[in-house]
Colleague: 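Next up is a structure, given as structure tokens.
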Amino acid sequence: TDLEVTHWWTSGGEAAAVAELAKAFDATGNKWIDGAIAGSGGTARPIMVSRITGGDPMAATQFNHGRQAEELVEAGLMRDLTDVATRENWKEIVKPSSLLDSCTIDGKIYCAPVNIHSWQWLWLSNAAFEKAGVAVPKNWDEFVAAAPALEAAGIVPLAVGGQPWQAAGAFDVLMVAIAGKDTFYKVFKDKDAEAAAGPEIAKVFKAADDARRMSKGTNVQDWNQATNLVITGKAGGQIMGDWAQGEFALAGQIAGKDYTCLPGLGVNEIISTGGDAFYFPVLKDEEKSKVQDVLAATLLAPETQVAFNLKKGSLPVRGDVDLAAANDCMKKGLEILAAGNVIEGTDQLLSADSQKQKEDLFSEFFANPSMTPEDAQKRFADIIASAD
Amino acid sequence: MTHSVSIKDLSLSFGAVKVLENLNLDIGEGEFLVLLGSSGCGKSTLLNCIAGLLEPTGGRIFIKGRNVTWEEPKDRGIGMVFQSYALYPQMTVEKNLSFGLQVARMPKAEIDRRVGRAAEILQISPFLKRKPSELSGGQRQRVAIGRALVRDVDVFLFDEPLSNLDAKLRSELRVEIKRLHQSLKNTMIYVTHDQIEALTLADRIAIMKSGVIQQLADPNTIYNAPRNMFVAGFIGSPSMNFLHGEIAEREGRLVFTTDGVDFPLDGYRSGETLAAGRKVVLGVRPEHVRVNEDGETHEATVDIEEPMGADNLLWLKLAGHTLSVRVGGARRFAPGTAVRLSFDMALASLFDAGTEERI
Amino acid sequence: MTHSVSIKDLSLSFGAVKVLENLNLDIGEGEFLVLLGSSGCGKSTLLNCIAGLLEPTGGRIFIKGRNVTWEEPKDRGIGMVFQSYALYPQMTVEKNLSFGLQVARMPKAEIDRRVGRAAEILQISPFLKRKPSELSGGQRQRVAIGRALVRDVDVFLFDEPLSNLDAKLRSELRVEIKRLHQSLKNTMIYVTHDQIEALTLADRIAIMKSGVIQQLADPNTIYNAPRNMFVAGFIGSPSMNFLHGEIAEREGRLVFTTDGVDFPLDGYRSGETLAAGRKVVLGVRPEHVRVNEDGETHEATVDIEEPMGADNLLWLKLAGHTLSVRVGGARRFAPGTAVRLSFDMALASLFDAGTEERI
Amino acid sequence: MKDGPALAAARKAGVEPAGRRPRRMLSGRNIMIYGTLFVAAVYYLLPLYVMIVTSIKGMPEIRLGNIFSPPMEITLEPWAKAWASACTGLNCDGLSRGFWNSVRITVPSTLISILIASINGYALANWKFKGADVFFTILIVGAFIPYQVMLYPIVIVLREMGIYGTLTGLVIVHTIFGMPILTLLFRNYFASLPSELFKAARIDGAGFWQIYFRIMLPMSLPIFVVAMILQVTGIWNDFLFGVVFTRPEYYPMTVQLNNIVNSVQGVKEYNVNMAATLLTGAVPLIVYFVSGRLFVRGIAAGAVKG
Amino acid sequence: MTSQADAGRPSRLLRNLSAKIASIPMMLTAVVIFLGGTLWTVVYSFTNSKLLPRLSYVGLDQYERLWAAPRWVVSIQNLAIYGFFTLVFSLVMGFVLAALMDQKIRFENTFRTIFLYPFALSFIVTGLVWQWILNPEFGIQSVVRSLGFTGFTFDPLYDSDIVIYGILIAGLWQGTGLVMCLLLAGLRGIDEDIWKAARVDGIPVWRTYLFIVIPMMRPVFITTLVIIASGIVRVYDLVVAQTSGGPGIASEVPAKYVYDYMFQAQNLGQGFAASTMMLVTVAIIIVPWAYLEFGGRRRG
Ligand SMILES: Nc1ncnc2c1ncn2[C@@H]1O[C@H](COP(=O)(O)OP(=O)(O)OP(=O)(O)O)[C@@H](O)[C@H]1O
Ligand SMILES: Nc1ncnc2c1ncn2[C@@H]1O[C@H](COP(=O)(O)OP(=O)(O)OP(=O)(O)O)[C@@H](O)[C@H]1O
Ligand SMILES: [Mg+2]
Ligand SMILES: [Mg+2]
């Protein structure tokens, strides 16, 4: 049976990873019809949502797990996967369990998480630092200190792409690293506007101000173009999720040798456990509905998980798989994960609406040097105050 | 009595503008009726109502005794010819002629017969395969007439069919339409604002002004005994000369006097008795002014001379009035010449200065 | 001898189409010259050359003795009036009149004076504040004339100024233009294809055909002694009757004979001696046909009668020919009536059948 | 421009008063006119030039040289890749699939939208009924509504009709959004035709449809060309509706183009992007190059009046 | 009206039946889609609908939030700047080009095709190309720098202050051709005698254009204005393709705000409020136009 699967994984590393999913699914005797929509989740999600609400749903679709599909589930448009989950024992195998929690509404499971993505990484180009004549930094502060040398060598210290979510994401990363887990939760989970306006966050904004200065001259839109600047040594580093690894891999670069990764910016080694999940809209076609279960099961199968995540550069959602082939950075991530130093991702904590407002704020902040950190913090606090 | 077309109490408004109001008109079988009036007086509107192209606001229209007020144009037994020809540009002449018949699903043979006949009558057989754009104006208008002809209708409606043609063609085609009427003997209703066409073609002329028929009569009556000053001034080119004055008695004779000049009214046939002192307007047509002939004459000077070939038009100054006078083409008068003139009172008209009606 | 406008060897082509070729024309000071010809014969082209709106391909144009062939229109001392009025629609009448003067930086007082004078002459003073769209056609054309008037030009050029007006207005404005000429005494060149305008207005008429002047003469000559059949047929409405036949001698008298009918040529003033046997065309104007009068007469039947008020137009059948005849409006003939006719040979024209030139 | 010999001689002898000589091709006026047009033409052609040149360069050359330099080595590789093998997600068949989808979308959408709009225009111009103008006014105001505003309601309507995601649905959407401007165009055009033609046809007994098909249609070529050009380019270039109202197997070329251009794999492959861009724009461009003259004439005939 | 006259009178509803039937698609579109859709949008702008429309009214909350959002304010400012300059430049450039084309020039067809072809390209394509030409690293800036002017800076798309003008350049490139076409058609419609009369009057060409021809072309200008204006309000694809609203939010436009908040932020209520505000903008444009077009004509 043919199942149409929509997603926005179109960059090189991502596409290679999707191919693994498709291969695994095709191996069950069915057919994966690829419905890739380029241009990041921002472009793709509206299309997916209108197709689902418009009564022409695909068989499965990617969302960031978290709150993006909440209302669709509430409106009864999504298939209940509890049966498959029970059969496949997802409750046991999915680690950390918060992943499955994000898929659970009223005790029923509605999505199949496929990977763990962590945002908290600083990727550094060894070649760039060599050229600038400074040592590769070990943490954020060293990186900031090295910035002038990089600039002198004609290298953009920090690559930040123009897409709004990159700026917002970078800020979240800075927040975890600098203000710590508790403050992070206070702000994003408890929506504590006072905390958001407090001195801890002010420090984060100071750091963001540094990042803004260092990112001047990036002049690219897409995240992977920014990553490419790091790969080619045109930029010193980039704050980006672990998916950036896929790009390094595709470019044939080796962790530790060609590039360096600093989880938690080398300050505070905590990683978030957001990620991608597949949702399965309710279909009229009986047969397809059955096959949806097959797909769900396949996505979490150990072999699929390994193959997919190796290509994607993300971490598997189950703790019981062997990732011997993983590279240095991935291993670092796995260690942190094993140590339990995890937090939930902002997609899980905030509504899309608040996320969007946050994106607007930070994309403006990063592009507009005349906006003071204090002003930005005030607006940030306002957003948190009205967040849901 | 059956009329070919009979219009009862017809009213029509465009929004708030009343174009026709309670108009009544009966047209006899085989009559050639000309609707004459200046631009915007509602002639086309009336014609469109008869054709069924406009829906009257009130009143009824009968054709051959049948109430057709709400019928479709095609069912009324009428054919219409427009000023702009309104030929279908993408069709050949033949196709133009046969279109209506095809729409009515007439058998092919019958269509051919009728088209052939019409083409022959109108002498357009050589052009049957041409497109309208390849015809001259006169030929186009003939085709347009043919389109009405093939449909074998009872009533022909013409809306200024000759206005777009140049003078020469206009007079040629005018004759042909007259001939057509003489041979077909259909009822024809013909709208124009050209009085020559009206006078030459009509059995009866209806002169309209702002939607009201001013006079309905045969051309001769219209020309020589206009009911009111509007009709009198409208018909005739150059216009009738109007002299404002009053009736007076001079030595037992009634005279018309204006600015100290007296014109005896001998020979004027009035419908009423004329009383001295009545304010009147004397209307004299340019050809009824006698110049340098016998009779009681008055002195005038030639202001302008307009030689027109067959005729010669003079503009004379007489006691502060300007009079147009038509004389033979051979009689020339230089501007400034003094002449003597008198009026042919038998052919003049007197109007009441208040009502402007003919006395 | 100084001419007001003098055209030497003027040629003009649009691409490959030669519209004018080596045209020569001299127009006297204060003369009213009418260019008459059918559509497309190059009248407007010639006028545009004189105005400087078209650049001639060859030849020269002199105005008041000055070679203006390559000068800008505004420097030629000409004013022009167009058929479409060509008023500036968004400006008031006053602005229309004064705009050209303002552009030329004339002092305000002088502008006002001139506009005032023109408005008075043309009787448009009450409309000075109106827009052209609020004027009638006749009023618009007056404004257009005024625009030329204020510029105090030597030569007025008119390109069919009256064609867009209805018959009544046309004849009124015609008189006014004539009066204007009589009072201003400017040189005026007037293009028209209406022969009545030509006959009534012109000091001299130039009849054109495909870019060539056929005859240049005063209206009387043109009307009564047309140089060739084209001119003869072009002027006069209805057209001159043409009878094809030959000259014969009957009992020592020269006669014109056609289809067995003989018309004695007594009284015809020919430029050459007439020889029997020569193939000729006899041209007789409708008003020079005598009906039921004395003299040698021939039998004919009335085909159609067109009463036109002052006149009555008859279409007679005579030995296979159709003749148009103009009689007085009071003389009526029913179709089918037999009548007797003869020609007024003193006013007829004979043309050579080959060259079509007048004999 | 040749002077007669007499005139030339006279000039030489200095007899003639000096007049301005006739204009030559290289007059100041012509230099200004053609100069301005030329400069403008450069502005308009520059992007096309860049697109073409870039699309036939290799990636190394693009990285090194500037965008305006002509290619040192011409390669058709990017075109081939753009057409047949550029990837979006797992599908690596370039634009080729999208091309046929676009054809399948554009042809019926263009035909149906023009048919409906021309009938509307005809009805509005010649068969005015009470209230017709109200609908027309709503329609015209609708021309200004941003598409995004209508997106959601239309999703709902199509869902209720059960044709969401089908080609039919998309055709209807294109018809709807083409309707205001096309109806205006046709109404103005038909209104500019002499009403006597319509009257004559009615007297000849032709009805609503007969007059439309046999009288009006054959007379309306210029305006149909304008409508056709507007619709072909509009529908062919549409991205939003193509992506929102269809499913991936029907995605038009523009969606594919967007995917190719936005699926960055390492460095942006500008040459492939430009080739893809040109390929996508080819159909409307050809339509314009072929029928541009009719377009202007049609605009003059219908759009500007009324 | 006598009763007798009414006897044969067919029902009003049945008259013109074919025309009414034929107009059904139009009526449905007008009422259901344009009117219904608009009303629906306005109604839901007063709710706090998120991903799916829900009728839970929150009064003017969405509007308050909208006008408090810096991004919306920037969007409106951008629209105003972009709109103003697009109108001015496309009319001026379009008219100048049309006037030049009207000079009986040679190669008219070639020039016209050159000016018009960008109109055949989508905004996506236009945006891409211009994004590339304006890219400081290999576009105009780098070319000029490589010619030796190393200080030359021209990077409108990466400078928040002038980014909207970068978009304007592309927008004008795409749209001016059509304006030229419309105005050319208008110019051709001017009676040639007017030109002649003006020449005879000695009015210089530029004055003839300014004081006579342009005022005469008012209807054409209005049509053109409406076409341009409707395009301006909708501008979306161009921005997305060129800058995605960046840098930061410097080139955001209202249509993009609507789209982003409706679909990305999954806050339909906010999106509907923004689109309602756009409708108000449209009304501000269209009402004076309708007045000029219809009100004015009726009086005249
Ligand atoms: N569709 C219409 N809407 C409003 N008023 C109209 C309409 N058609 C005609 N009129 C008005 O009705 C009046 C009569 O018009 P109609 O066309 O019948 O005049 P007419 O006598 O035929 O004039 P003409 O000689 O110019 O053809 C005019 O004042 C005109 O303005
Ligand atoms: N711009 C032009 N290009 C090519 N041919 C032209 C042009 N203008 C006029 N002609 C041709 O030149 C000839 C003379 O035209 P012109 O306008 O002078 O005629 P006209 O005598 O004024 O006719 P009308 O009475 O119709 O105004 C016509 O055959 C016409 O087709
Ligand atoms: Mg009329
Ligand atoms: Mg002419």
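Lettering follows sequence order; numbering is per chain, from 1. Side-chain atoms are counted along with the backbone in the values below, which use heavy atoms only and exclude waters and symmetry mates.
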Colleague: Using non-hydrogen atoms and a 4.5 Å limit, figure out which bit of E:Leu39 sits close to chain D: side chain, backbone, both or neither.
Modeller: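 Contact with chain D is absent: no heavy atom of E:Leu39 under 4.5 Å.
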
Colleague: Sorted by first residue and then second, give each side chain to side chain donor-acceptor pair (under 3.5 Å) pair with at least one member in residues 179-188 of chain E; sequence neighbours left out.
Modeller: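 Non-adjacent pairs meeting side chain to side chain donor-acceptor pair (under 3.5 Å): E:Asp102-E:Arg188, E:Glu108-E:Arg188.
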
Colleague: Sort out for me which of E:Asn109, E:Leu178, E:Val258, E:Thr224 touches chain D most, counting heavy-atom pairs under 4.5 Å.
Modeller: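 If we count pairs closer than 4.5 Å to chain D, E:Asn109 comes out on top.
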
Colleague: Are D:Thr254 and E:Ile124 close enough that some pair of their side-chain heavy atoms sits under 4.5 Å apart?
Modeller: no

Colleague: Considering heavy atoms only, which positions within residues 206-213 of chain D lie below 4.5 Å of chain E?
Modeller: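 D:Phe208, D:Trp209, listed by number.
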
Colleague: If you count heavy-atom pairs within less than 4.5 Å of chain E, which of D:Leu45, D:Thr183, D:Ile116 leads?
Modeller: D:Leu45

Colleague: Counting only non-hydrogen atoms closer than 4.5 Å, does D:Leu285 touch chain E with its backbone (N, CA, C, O), its side chain (CB onward), both, or neither?
Modeller: both

Colleague: Sub-3.5 Å donor-acceptor pair from the side chain of D:Tyr122 to the main-chain atoms of E:Ala19, do we have one?
Modeller: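 No; judged by distance alone, with no hydrogens or angles, the pair does not exist.
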
Colleague: Sort E:Leu28 into side chain, backbone, both or neither according to what part of it lies under 4.5 angstrom from a heavy atom of chain D.
Modeller: neither

Colleague: Picking from E:Val233, E:Leu128, E:Ile24, which has the most non-hydrogen pairs under 4.5 angstrom with chain D?
Modeller: E:Leu128

Colleague: Side chains of E:Ile33 and D:Pro153: closer than 4.5 Å at any heavy-atom pair?
Modeller: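 The answer is no, as the side chains (C-beta and beyond) never meet within the 4.5 Å cut-off.
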
Colleague: Assess the residue pair D:Tyr44 and E:Leu116 against the criterion (side-chain contact (heavy atoms from CB on, under 4.5 Å)); give the C-alpha distance rounded to whole Å, side-chain angles, the decisive distance to 0.1 Å, and a yes or no.
Modeller: CA-CA 9 Å; D:Tyr44 283 96; E:Leu116 193 54; over 6 Å; no

Colleague: Please flag which part of E:Met93 lies under 4.5 Å from any non-hydrogen atom of chain D: side chain, backbone, both or neither.
Modeller: side chain

Colleague: Please work out whether the ring planes of D:Tyr34 and E:Phe111 are parallel, tilted or perpendicular, with thresholds of 30° and 60°.
Modeller: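 Tilted: the ring planes of D:Tyr34 and E:Phe111 meet at 30° to 60°.
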
Colleague: Are side-chain heavy atoms of E:Trp132 and D:Thr54 found at a separation under 4.5 Å?
Modeller: yes

Colleague: Tell me, do D:Pro284 and E:Leu121 make a side-chain contact under 4.5 Å, heavy atoms counted?
Modeller: no

Colleague: With a 4.5 Å limit on heavy-atom distance, are the side chains of D:Leu124 and E:Met26 in contact?
Modeller: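 In short, these two side chains touch, coming nearer than 4.5 Å.
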
Colleague: Could you have a look at D:Leu46, D:Ile229, D:Leu48, D:Thr175 and say which one has the most heavy-atom pairs with chain E under 4.5 angstrom?
Modeller: D:Leu48

Colleague: Pick one of side chain, backbone, both or neither for E:Leu279, based on which atoms fall under 4.5 Å of a heavy atom in chain D.
Modeller: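 For E:Leu279, the contact with chain D is made by the side chain alone.
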
Colleague: Tell me, out of E:Ala99, E:Gly189, E:Ser122, who's got the most heavy-atom pairs with chain D below 4.5 Å.
Modeller: E:Ser122

Colleague: Quick check on E:Trp130 against chain D: is it the side chain, the backbone, both or neither that has a heavy atom closer than 4.5 Å?
Modeller: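 Just its side chain gets close to chain D.
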
Colleague: Tell me, out of D:Lys128, D:Met32, D:Met51, who's got the most heavy-atom pairs with chain E below 4.5 Å.
Modeller: D:Met51

Colleague: Do E:Ser23 and D:Trp127 have side chains that get closer than 4.5 Å, going by heavy atoms?
Modeller: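 Not in contact.
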
Colleague: By a 4.5 Å heavy-atom criterion (distance strictly below it), what part of E:Tyr236 contacts chain D: side chain, backbone, both, or neither?
Modeller: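 Just the side chain, heavy atoms under 4.5 Å.
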
Colleague: Between D:Ile176, D:Thr277, D:Thr233, who has the most heavy-atom pairs with chain E when the cutoff is under 4.5 Å?
Modeller: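 Winner by heavy-atom pair count: D:Ile176.
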
Colleague: Based on non-hydrogen pairs under 4.5 Å, which of D:Thr36, D:Ile119, D:Thr137, D:Leu139 is most in contact with chain E?
Modeller: D:Leu139

Colleague: Looking only at heavy atoms and a cut-off of under 4.5 Å, which of E:Leu35, E:Val129, E:Thr276 has the most pairs with chain D?
Modeller: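 Of the candidates given, the most pairs with chain D belong to E:Val129.
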
Colleague: To the nearest 0.5 Å, what is the distance between CH2 (E:Trp40) and CE (D:Met150)?
Modeller: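 It is 10.0 Å, given to the nearest 0.5 Å.
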
Colleague: Which heavy-atom pair separates E:Leu97 from D:Ala40 by the least distance, and what is that distance?
Modeller: CD2-CB, 3.7 Å

Colleague: Can you say whether E:Pro118 sits under 4.5 Å from chain D via the side chain, the backbone, both, or neither, judging by heavy atoms?
Modeller: side chain

Colleague: With a 4.5 angstrom heavy-atom cut-off, which part of E:Val125 approaches chain D: side chain, backbone, both or neither?
Modeller: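 Both backbone and side chain of E:Val125 come within 4.5 Å of chain D.
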
Colleague: Between D:Leu278 and chain E, with a heavy-atom cut-off of 4.5 Å, which part of the residue counts as in contact: side chain, backbone, both or neither?
Modeller: neither

Colleague: Applying ring-ring contact (aromatic ring centres under 6.0 Å, His included), can you list everything that pairs with E:Tyr117, at least two apart in sequence or on another chain?
Modeller: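 Scan of E:Tyr117 (ring-ring contact (aromatic ring centres under 6.0 Å, His included), adjacent residues dropped) gives E:Trp173.
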
Colleague: Considering only heavy atoms, which portion of E:Thr110 lies under 4.5 Å from any heavy atom of chain D: side chain, backbone, both, or neither?
Modeller: neither

Colleague: Tell me which pairs pass salt bridge (charged side-chain N to carboxylate O under 4.0 Å, His left out) where either residue lies in residues 145-161 of chain D, with sequence neighbours left out.
Modeller: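 Non-adjacent pairs meeting salt bridge (charged side-chain N to carboxylate O under 4.0 Å, His left out): zero.
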
Colleague: With a 4.5 angstrom heavy-atom cut-off, is it the side chain or the backbone of E:Met27 that approaches chain D, or both, or neither?
Modeller: both

Colleague: Check the pair D:Leu230, E:Phe119 against side-chain contact (heavy atoms from CB on, under 4.5 Å), reporting the backbone distance first and the verdict last.
Modeller: CA-CA 9 Å; D:Leu230 286 179; E:Phe119 187 65; 3.8 Å; yes

Colleague: Using the side-chain contact (heavy atoms from CB on, under 4.5 Å) rule, take E:Phe272 and D:Tyr152 through it: C-alpha gap first, then chi angles, then the decisive distance, then the call.
Modeller: CA-CA 10 Å; E:Phe272 291 153; D:Tyr152 221 99; 4.2 Å; yes

Colleague: Most heavy-atom pairs under 4.5 angstrom with chain D, which of E:Val235, E:Thr176, E:Asp237?
Modeller: E:Thr176

Colleague: Between E:Met278, E:Gln103, E:Arg112, which has the largest tally of heavy atom pairs under 4.5 Å with chain D?
Modeller: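 The option with the most such pairs is E:Arg112.
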
Colleague: Between the main-chain N or O of E:Phe123 and the side-chain N or O of D:Asn237, is there a donor-acceptor pair closer than 3.5 Å?
Modeller: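 The answer is no, because no donor-acceptor pair under 3.5 Å joins these two groups.
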
Colleague: So which residue, D:Pro180, D:Ala123, D:Gly142, ends up with the most heavy-atom pairs under 4.5 Å with chain E?
Modeller: D:Gly142

Colleague: Mind listing the closest non-hydrogen atom pair of E:Ala120 and D:Tyr288 along with its distance?
Modeller: CB-CD1, 3.3 Å

Colleague: With a 4.5 angstrom heavy-atom cut-off, which part of D:Leu37 approaches chain E: side chain, backbone, both or neither?
Modeller: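 D:Leu37 touches chain E through backbone and side-chain heavy atoms alike.
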
Colleague: Taking atom CZ as the centre, does E:Phe107 end up with more than 12 heavy-atom neighbours from other residues, nucleotides or ligands that are less than 6.0 angstrom away?
Modeller: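 Counting other residues, nucleotides and ligands, CZ of E:Phe107 stays at 12 neighbours or fewer.
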
